[in-house]
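Scroll down for the structure; my scribbles are underneath it.
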Amino acid sequence: MAKNYWLMKSEPDEFGILDLKEVGVEPWSGVRNYQARNFMRDEMKKGDEVLFYHSNTKPPGVAGLMTVASGPYPDPFQFKKSSKYFDPKSTKDNPRWFLIDVKFKKVFKNYVPLDALKEEKKLKDMKILQKGNRLSITPVSKVEFDHIVKMGS
DNA sequence: GCCAACGTTGGC
DNA sequence: GCCAACGTTGGC
């Protein structure tokens, strides 16, 4: 099966690429958006390549690479009452939220800021560059992926 | 800190 | 099933 390519956003204040480098593998918990969940549950496969995007920081941009390290499984925080990700409508028999594990691959030698992405004609169709897009997980084409890796190297 | 864009909720 | 109100995201 062919690999898929993705971009996943996180706020480095919460969890950035350096945190991932430290732990190696991390469950991508806390996604509470159905489209993003569907990507993790239905389309992301172990071995897929992922761009790690830092949002809500100065400047926002792609910080490095990771890979999908597991199949989908229920996000444990949805069952924890004390968690801000607790979802009272989710049950263990029929969990609402799924996630995958991600594995650290590398920190880009050159951080690729959002402004630089905007300047690339090849990347103009990327979801991340469309106005108003807030989706935290988006599919990326191989051409786009390879181009951004080149910019970061 | 502002605010535009978007997703979700809930009353009707 | 509509849609107003509300909450969140994320660039600036």
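Sequence lines set the chain letters: A, B, ... in the order given, protein chains first and strands last, and positions in each chain run from 1. From a predicted model like this one, the values you see are computed outputs, not experimental measurements.
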Would you mind reading off the distance between N133(A) atom CG and dG10(C) atom P, rounded to a whole angstrom?
8 Å
Out of dT8(C), dG11(C), dG10(B), whichever nucleotide has its closest atom nearest the side chain of R134(A):
dT8(C)
Which of the following nucleotides, dC12(C), dG7(B), dG10(C), is nearest to the side chain of Q35(A)?
dG7(B)
Roughly, in whole Å, what's the span from CD in E11(A) to P in dT8(C)?
13 Å
Does R32(A) come within less than 4.0 Å of D75(A), counting only side-chain N to carboxylate O?
yes
If you draw the axis of the six-membered ring of F77(A), does the NZ or CZ of K80(A) fall within 45° of it and under 6.0 Å from the ring centre?
yes
Picking from dG7(B), dT9(B), dG10(C), the nucleotide nearest the side-chain atoms of N33(A) would be dG7(B)
Using OP1 and OP2 only, check whether a side-chain N or O of K118(A) sits under 4.0 Å from dC12(C).
yes
Take the protein atom CG of L7(A) and the nucleotide atom P of dG10(C), then report the distance between them rounded to whole Å.
11 Å
If each of G132(A) and N56(A) is mapped to the nucleotide of DNA chain B with the nearest heavy atom, which maps nearer the 5' terminus, i.e. the 5' end?
N56(A)
Verify, without hydrogens or angle tests, whether Y5(A) (side chain) and D146(A) (backbone) share a donor-acceptor contact under 3.5 angstrom.
no
In whole angstroms, how far is the C1' atom of dT8(B) from the CG atom of L135(A)?
15 Å
Provide, to the nearest angstrom, the distance between the CZ atom belonging to R37(A) and the C1' atom belonging to dG7(B).
14 Å
Distance check needed: dC12(C) P versus L129(A) CG, whole Å only.
10 Å
E14(A) side chain to E11(A) main-chain N or O, any donor-acceptor pair under 3.5 Å?
no
Name the residue closer to the 5' end of DNA chain B, choosing between K131(A) and R32(A) according to the nucleotide with the nearest heavy atom.
K131(A)
In whole Å, what is the span from the CZ atom of R96(A) to the P atom of dG7(B)?
17 Å
side-chain N/O K89(A) vs dG10(B) OP1/OP2, d < 4.0 Å
yes
Are Y73(A) and W97(A) close enough that their ring centres sit under 6.0 Å apart?
no
Starting at atom CD1 of I128(A), determine the distance to atom P of dG10(C), rounded to an integer number of angstrom.
8 Å
Counting only side-chain N and O atoms of Y53(A), is one of them less than 4.0 Å from OP1 or OP2 of dT9(C)?
no
To the side chain of K9(A), which of dA5(B), dT9(B), dG10(C) is closest?
dG10(C)
